[in-house]
Amino acid sequence: MGTFVITKRLNGSYKYEFNSRKGKAILISEDFELRLECEEAIEALKQAEDVFG
C-alpha cells in the first residue's frame, strides 16, 4: 500500500499526496488552509477505502 504525505505549499496552504511504494505520486489533493483539515480529508479517504475497498 502507498503512503500519504502532507506538505506545505509556498503560499502557506497544505496539500497531501498519496504516493506508491516506489514514491510516485498517485493522487494530489486540493489546497487546505489548515493542516487539521488536510488530516481529516486523509482520514475520510481511509474510511471510504474500508467501506468500498
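We count residues from 1, following the sequence as given. Everything quoted here is computed from the prediction, not taken from an experiment.
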Classify the ring geometry between F32 and Y16 as parallel (under 30°), tilted (30 to 60°) or perpendicular (over 60°).
-> parallel

Considering residues at least two apart in sequence or located in another chain, which fulfil the salt bridge (charged side-chain N to carboxylate O under 4.0 Å, His left out) criterion with R9?
-> D31

By salt bridge (charged side-chain N to carboxylate O under 4.0 Å, His left out), E37 pairs with (sequence neighbours left out) none

For the residue pair L27 and E17, establish whether any side-chain heavy-atom pair is separated by less than 4.5 Å.
-> no

Student check: side-chain heavy atoms of I6 and K15 closer than 4.5 Å = no

Determine, using the 4.5 Å side-chain heavy-atom cutoff (strictly less than), whether L45 and F18 are members of one ILVMFWY cluster.
-> yes

Inter-residue atom distance K8.NZ - N11.CG, 0.5 Å rounding | 9.5 Å

Shared ILVMFWY cluster between I42 and L34, side chains joined below 4.5 angstrom?
-> no

ring-ring contact (aromatic ring centres under 6.0 Å, His included) partners of Y14, counting only residues at least two apart | none

For A25 and N19 the tightest heavy-atom approach is CA-OD1, 3.2 Å

Can you tell me how far CD of E30 sits from SG of C38, rounded to the nearest 0.5 angstrom?
-> 9.5 Å

